[in-house]
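Report on the following structure.
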Amino acid sequence: MQIRPLRDRIAVERIESAELAPPYGRGKVLALGEGVLRDNGTVRPGDIVVFYDGYDVQVEQIDGQEVLLMPQSNIMASVDE
């Protein structure tokens, strides 16, 4: 099954990281909604990001995989590995 976020939502797969303390997390971008601003600061599917894991993050199980749906504003940074 393929997920397609709506509006300004971003789908992220959580990556466990001991380097970050709650409420922040690290994850891999799976998909972007059509309303996500596309400028020099945007992310693309496959990017690793640091995000704020706050009250507006929705956790879903899709084909046995945990997927986080969050607004674009929860993305704090992109990580170059």
Side-chain angles (χ1 to χ4, degrees):
M1 180 183 304
Q2 185 164 347
I3 188 164
R4 188 174 34 130
L6 301 177
R7 298 184 294 281
D8 74 332
R9 297 285 175 173
I10 296 177
V12 174
E13 175 185 6
R14 184 185 308 273
I15 298 172
E16 295 302 325
S17 174
E19 299 169 1
L20 297 171
Y24 298 97
R26 184 176 286 189
K28 179 179 176 183
V29 175
L30 299 175
L32 306 172
E34 291 294 322
V36 172
L37 296 177
R38 307 261 197 298
D39 58 16
N40 290 338
T42 194
V43 295
R44 295 179 302 278
D47 286 354
I48 304 299
V49 295
V50 173
F51 61 89
Y52 174 70
D53 196 0
Y55 70 93
D56 52 354
V57 175
Q58 178 70 34
V59 179
E60 295 292 331
Q61 290 289 329
I62 299 176
D63 291 340
Q65 176 185 15
E66 181 182 80
V67 176
L68 308 174
L69 296 170
M70 64 187 70
Q72 177 181 13
S73 61
N74 280 35
I75 304 296
M76 302 286 127
S78 179
V79 178
D80 293 329
E81 294 187 309

Compare every heavy atom of Phe51 with every heavy atom of Leu68, then report the nearest pair and how far apart it is. CD1-CZ, 3.5 Å
4.5 Å side-chain heavy-atom contact, Leu32 and Pro45: yes
Among Met70, Glu66, Lys28, Arg26, side chain to side chain contact (heavy atoms under 4.5 Å, CB included) partner for Val12: Met70
Verify the cluster assignment for Val50 and Val43: are they in a single hydrophobic cluster under the rule of side-chain heavy atoms below 4.5 Å apart? no
How far does CG of Leu30 sit from CG of Asp47, to the nearest 0.5 angstrom? 11.5 Å
Please say whether more than 12 non-hydrogen atoms of neighbouring residues, nucleotides or ligands are located less than 6.0 Å from CD in Gln2. no
So which atom in Ile3 and which in Ala31 form the shortest heavy-atom distance, rounded to 0.1 Å? O-CB, 3.6 Å
Do you know the tightest heavy-atom contact between Ile10 and Gln72? CD1-CA, 3.9 Å
Expected output: side-chain Asn74 to main-chain Tyr52 donor-acceptor under 3.5 Å: yes
Can Ile15 be reached from Val29 by stepping across I, L, V, M, F, W or Y side chains whose heavy atoms are under 4.5 Å apart? no
